[in-house]
Amino acid sequence: MVTTSTGKGRKPTARRRPAGTRPGPAAAKPVTTASPGPAAAPTPKKGGLRLKERFTSFMVLLEGSDAKATGSSYYMILGTTLALTAIGLMMVLSASSVEAIAAAAGSAAGAATTFDLFVKQMMFAAIGVVLMLGLSRFGPRFYRVIAWPALGAAIVLLVLVLFIGVEVNGNKNWLAFGPVTGQPSEAAKLAMAVWFAAVLSRKGPLITQWKHAVVPVVPGGGILIGLVLLGHDLGTVIIMGLIMLAALFFAGARLKLLGLMSLAAAAAAAVFSIGSGNRTSRISAWLQLDCSAGLCDQANAGMYALASGGWFGVGIGQSRQKWNWIPEAHNDFIFAIIGEEFGLLGTLVVLVLFGILAVATVRVTMRHTQPFIRIVCGCILVWITGQAAVNIAMVTGLLPVIGVPLPFISYGGSSLTFTLAAVGVLLSFARTIPEREPAAP
């Protein structure tokens with residue numbers, strides 16, 4: 001029997017325990033056990049993630065997650081490439097027509113030479129599109145096989161340039177085949193991208209060791225860069241150097257090595273610039289230190305063209321600066337003509353198209369697991385977008401005039417052909433992309 005108290009001053013009352021029960025210890029409180037779960041993620045070190053990890057995390061955000069995203073990347077690359085090529089053909093016709101008419105005045109050729117540059121560019125565009133669609137049908141194995149032959153062919157062509165090449169504006173960078181001239185250095189860019197990927201993809205974890213990252217990439221790429229440099233084309237050398245750094249980065253080389261190589265390349269570029277009177281005068285004109293003999297005229301005219309275009313431009317074909325005010329208006333400074341005729345809106349359209357191309361390429365790169373494909377895509381991405389950035393920075397006065405064309409848009413048959421061929425390689429990888437990444441072990 002258990003006695004309980006009902007309140008202060010009251011007699012305890014008895015409460016009977018049910019029959020068949022005995023008093024025992026108080027029941028223990030139930031013990032709750034935490035269900036097993038995944039181990040807590042380690043706390044990141046002070047200072048946050050490393051630069052490469054942050055870059056990888058950013059690219060994962062751009063990655064597609066299913067087959068639908070894969071198909072959209074393919075058509076994004078194809079659509080932006082064709083759009084930029086069409087814009088380029090239209091602007092070459094607009095920018096070159098005035099000088100062609102002036103050159104043809106009084107000649108027997110007459111109107112036939114007025115559209116000469118446009119017709120040549122359209123022919124090279126057609127060849128490039130056919131080459132792009134053809135290369136898009138091959139797989140990674142084909143590009144692995146042709147990597148070494150492509151490197152050898154590029155070296156042979158660049159050596160021929162030194163002996164039988166054609167010099168234009170102080171740069172000996174062309175080979176003439178009858179009435180047609182070509183730039184072997186443009187083919188060398190694509191050969192570099194494929195060869196770098198074929199070599200570095202075999203390194204595996206050894207890529208983190210500097211000797212395995214440097215050999216044979218730096219000697220092999222250095223031969224091509226050195227041959228182009230002997231032709232005095234520093235602008236192309238800068239783009240080729242960016243391709244080499246991109247290959248090492250996407251292969252997984254240490255950032256410390258890439259930083260040291262970048263510093264060495266910048267020092268070498270400064271030495272070669274100081275040693276050339278032509279390059280020194282361009283730098284002086286860029287800094288507005290010496291504008292004698294019309295050194296600043298081209299850059300100033302380009303800025304005038306962009307300023308006079310306003311928001312919506314003066315209209316297609318209505319540019320004033322292309323009337324012999326801007327040298328090479330249809331080539332290196334064609335972006336200024338776009339800004340004058342289509343205004344800020346037109347230049348933004350071009351920038352957005354290059355941005356879409358870059359995002360689609362990143363998505364294709366991140367969806368693949370093969371190092372070879374990732375390195376090739378990364379090299380082509382840096383090649384096209386890096387060259388576009390250098391050209392636009394040159395036209396807008398952020399860099400000195402170094403003679404780098406705007407991909408897909410500037411006049412130049414070999415540049416357009418091999419840039420379209422590089423896009424064909426991207427399309428081939430976009431076609432063979434796996435629908436889903438394999439599960440992590």
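In this text, all values refer to a predicted model and were calculated from it rather than measured experimentally.
For Thr347 against Gly339, the heavy-atom pair with the smallest separation is CG2-CA, 3.5 Å. Residues Leu135 and Ala421 share a closest heavy-atom pair of CD1-O, 3.5 Å. Of all heavy-atom pairs spanning Ala125 and Thr85, the tightest one is CB-CG2, 4.1 Å. Looking at every heavy atom in both residues, Pro405 comes nearest to Asn391 through C-ND2, 3.6 Å. Considering all non-hydrogen atoms of both residues, Ser410 and Gln121 come closest at O-NE2, 3.1 Å. Nearest approach of Val215 to Lys203, heavy atoms of both residues: O-NZ, 2.9 Å.
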Distance-only donor-acceptor hits, side chain of residues 299-311, under 3.5 Å, sequence neighbours excluded:
residue, atom, partner, partner atom, Å
Asn300, ND2, Cys296, O, 3.0
Ser308, OG, Tyr304, O, 3.0
Ser308, OG, Ala305, O, 3.1

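Side-chain atoms of Leu426 and Cys377, non-hydrogen and from C-beta on, do get closer than 4.5 Å to each other. Here the side chains of Leu245 and Val382 are not in contact, with every heavy-atom distance at 4.5 Å or above. You'll find the side chain of Leu229 reaches within 4.5 Å of the side chain of Leu234, heavy atoms only. Using a 4.5 Å heavy-atom threshold, the side chains of Thr181 and Leu175 count as separate. Two residues are said to be in side-chain contact when any heavy atoms from C-beta on lie closer than 4.5 Å; Ile337 and Ile326 meet this criterion. Two residues are said to be in side-chain contact when any heavy atoms from C-beta on lie closer than 4.5 Å; Ile77 and Leu357 meet this criterion. Here the side chains of Ser273 and Ile283 are in contact, with some heavy-atom distance below 4.5 Å. The shortest distance between side-chain heavy atoms of His232 and Lys172 does not fall below 4.5 Å.
A donor-acceptor contact closer than 3.5 angstrom is absent between the side chains of Ser414 and Glu186. With 3.5 Å as the limit, one finds no donor-acceptor pair spanning the side chains of Thr419 and Lys189. No hydrogens or angles considered: nothing links the side chains of Ser201 and Gln370 as a donor-acceptor pair under 3.5 Å.
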Side chain to side chain contact (heavy atoms under 4.5 Å, CB included) between Met122 and Phe118, intermediate numbers included
CA-CA 6 Å; Met122 188 167 58; Phe118 168 71; 4.0 Å; yes
Would you please test Leu420 and Leu131 for side chain to side chain contact (heavy atoms under 4.5 Å, CB included) and show each step?
CA-CA 7 Å; Leu420 289 172; Leu131 187 60; over 6 Å; no
Between Met261 and Leu248, is the side chain to side chain contact (heavy atoms under 4.5 Å, CB included) condition met? List the steps.
CA-CA 11 Å; Met261 292 180 62; Leu248 291 172; 3.5 Å; yes
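Ile334 pairs in a side chain to side chain contact (heavy atoms under 4.5 Å, CB included) with only one of the listed residues (Ile87, Val395, Val92), which is Val92.
The structure places CG of Leu224 at 5.5 Å from CG of Leu151, a figure rounded to the nearest 0.5 Å. To the nearest 0.5 angstrom, Ser262 atom OG is 8.5 Å from Leu242 atom CG. One distance of note links CD1 of Ile316 with CG of Leu93; it measures 7.5 Å at 0.5 Å rounding. Taking CD1 of Ile127 as the start and OG1 of Thr417 as the end, the distance is 6.0 Å to the nearest 0.5 Å.
Here ring pair (Phe, Tyr, Trp, His ring centres under 6.0 Å) pairs that include residues 137-163, with residues two or more places apart or in two chains, are Phe138-Phe142, Tyr143-Phe429, Trp148-Trp195.
Salt bridge Glu341/Lys322: present, at least one basic N to carboxylate O contact under 4.0 Å.
When the ring-ring contact (aromatic ring centres under 6.0 Å, His included) test is applied to Tyr411, the partners found at least two apart in sequence or on another chain are His330.
Atom CH2 of Trp325 has 12 or fewer neighbouring heavy atoms from other residues, nucleotides or ligands inside a 6.0 Å radius.
In this structure, Arg144 is positioned above the aromatic face of Phe372, its NZ or CZ under 6.0 Å from the six-membered ring centre and within 45° of the axis.
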